[in-house]
Amino acid sequence: MIRMFHVFKTFPNKVSALWDISIHIKKGEFVFLIGPTGAGKTTFLKLIYRGILPSKGQVIVDGVNLSRLKQSYVPFLRREIGVVFQDFKLLYDRNVFENVAFSLRVTGVKNAIIKKEVNEILNIIGLSHKKNTNPHLLSGGEQQKLCIARAVVSRPLILLTDEPTGNLDPDTSWEIMKLLFKINIWGTTVIMASHDKLMVDRAQKRVIRLEQGRLVSDTMKGVYSKE
Amino acid sequence: MIRNLFFYIREAFFSTKKNGIISLATIVCLTATLIIVGIFLIISLNINIFIANLESQLIAVAYLTDDLSQDEIEKLVQNTGGLEGVKGVDYVSKEEALQRLKEDLTEHKEILAGIQENPLPSSLEITVYDSNYLEEASYQISQFKGIEEVNYGGQLTKNLLIVFEFIRKAGLGIILVLLFVSILIMFAVIKISVHSRQEEIEIMALVGATNWFIRWPFIIEGFFKGLISSLLAFAVLGKAYQYFSGQAKEIIPFISINLEVDFALRIGIILLFLGIFIGVFGSMLSLRRISYEKL
Ligand SMILES: Nc1ncnc2c1ncn2[C@@H]1O[C@H](COP(=O)(O)OP(=O)(O)OP(=O)(O)O)[C@@H](O)[C@H]1O
Ligand SMILES: [Mg+2]
């Protein structure tokens with residue numbers, strides 16, 4: 001589903017965020033992307049949804065080489081990829097329902113279908129009762145859930161989540177984890193960037209570790225700590 | 001498509017409401033500009049009418065002696081028409097001349113009461129292509145046999161034409177400058193509105209909105225702002241024009257100020273078109289360079 005071949009990313013300010021990354025993530029996998037702050041996790045995710053292009057090397061998503069993808073096709077790639085951003089990126093001028101509906105509206109889905117799909121996903125996520133609430137009135141955990149709802153409402157092939165359990169208590173974190181597992185079981189490939197040792201150790205999934213932009217380990221059923 | 005249109009319109013209104021002050025400022029600015037453009041338009045269209053009137057006075061009238069035969073008159077018409085710069089020649093018979101005089105004097109019929117024989121001469125009315133030909137042509141005609149006298153409009157008409165032509169050109173120049181300025185204003189204001197929604201635009205792009213999907217609400221916003229502004233400008237101008245033209249008529253009664261419906265309609269359509277053009281064009285311009293991918 002996702003392949004990277006010798007990917008380098010150097011920002012215009014000469015910061016080298018990723019260095020010679022090659023990786024293969026299969027369809028339906030659940031992968032943790034871990035590493036200390038500044039290791040390049042967010043950069044790694046941006047490469048996948050074509051928020052940025054690699055300086056060198058190839059990124060291939062669902063068989064498409066992103067460096068060769070025409071600008072006008074980028075929106076259609078992004079419709080296949082749900083993203084939960086580290087900084088949420090919620091729209092604080094509209095309610096929970098509209099935030100989730102937003103990602104369907106931009107693709108021109110019928111109103112009746114939007115209503116059905118959004119209500120369904122809010123039910124699964126457990127935010128139905130807050131449907132008409134403004135996002136800034138939600139707790140941190142609820143905002144995370146809302147972000148997940150928005151990312152998966154269009155049933156993407158890939159879900160990228162950037163530290164979805166950062167700053168949450170262990171119980172809420174585990175609740176979020178269970179949600180992500182559920183989405184993964186539907187067939188969605190999930191990549192989760194995380195610092196959360198507790199969750200990574202408990203989940204027993206594939207763990208890719210970055211350090212200063214380099215891929216230092218890639219283990220099945222891995223744990224957070226080095227050795 | 002229709003579904004999207006509703007979404008665009010809703011988003012446009014949403015954004016107009018959210019950026020209330022900026023929206024208001026835009027509409028006020030645009031209305032003011034359109035009013036000024038409208039004033040110049042009115043002046044310049046009135047001058048056009050004036051010039052047309054004056055140009056129609058660019059005729060020479062050659063009075064004929066009473067003893068000419070039909071053949072001689074025809075010959076005179078032909079010869080006059082052959083002169084350089086002459087556009088047309090109209091023969092006005094004695095009877096026609098009298099008829100005209102009667103029409104002009106409907107309010108003072110008593111003047112004609114005592115007249116038994118038609119005292120008016122027949123004449124040729126000669127129009128020319130350009131006022132410069134008037135003098136020479138008049139001289140040539142006066143040399144023809146059977147011509148009693150030739151009269152033509154004087155230097156005053158010529159000078160007035162030059163002045164009005166100048167005012168008209170200056171007015172056009174001012175309109176163009178104002179148009180340019182108002183597009184810049186629209187551009188800046190929509191840029192602010194785009195800027196204040198940068199985050200939203202970014203999110204749209206991230207969840208897979210195409211560039212056009214992102215642009216349409218802004219373009220529609222520009223469209224409606226242009227529409228509203230031009231309607232406002234038209235209303236204000238209409239009232240002011242009515243008032244001032246009434247005043248002007250009292251002060252200088254011979255000025256024929258145009259108050260007709262189709263004149264107002266023409267101004268209205270021009271303003272509407274301009275307002276919408278400025279609104280939409282300003283939006284497009286400010287959207288051209290926003291980055292949909294900036295993260
Ligand atoms: N747009 C950018 N321009 C310049 N440098 C950048 C940019 N984005 C990221 N970097 C740099 O690239 C490096 C990797 O950043 P990245 O955000 O990928 O780290 P991270 O692993 O997500 O960190 P964290 O755990 O704190 O979120 C950092 O040194 C960062 O300063
Ligand atoms: Mg990060």
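Protein chains get the first letters and strands the later ones, always in sequence-line order, with residue 1 at the start of each. Predicted model only: the values in this text are computed from it and were never measured.
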The interface call for A/Leu77 against chain B, heavy-atom contacts under 4.5 Å, is neither
Does atom CZ (A/Phe11) have a neighbourhood of more than 12 heavy atoms from anything else shown, all under 6.0 Å? yes
Between B/Ile203 and A/Leu91, the two heavy atoms sitting closest are CD1-CD2, 3.7 Å
Just checking B/Phe273: does its CZ atom have more than 12 heavy atoms from other residues, nucleotides or ligands closer to it than 6.0 angstrom? no
A/Arg105: partners by side-chain hydrogen bond (donor to acceptor under 3.5 Å, both in side chains), with sequence neighbours left out: A/Glu98, A/Asn111
In terms of heavy-atom pairs under 4.5 Å, which option from A/Asp93, A/Leu104, A/Val83 contacts chain B the most? A/Asp93
In short, A/Val106 meets B/Met204 closest at the heavy-atom pair CG1-CG, 4.4 Å
Which heavy atom of A/Ser103 sits nearest a heavy atom of B/Val207, and at what distance? CB-CB, 3.6 Å
Residues, nucleotides or ligands: over 12 heavy atoms within 6.0 Å of A/Phe181 CZ: yes
Comparing A/Glu80, A/Arg79, A/Arg150 against chain B, the one with the most heavy-atom pairs below 4.5 Å turns out to be A/Arg79
What residues, two or more places apart in sequence or in another chain, satisfy salt bridge (Lys or Arg N to Asp or Glu O under 4.0 Å) together with A/Asp62? none
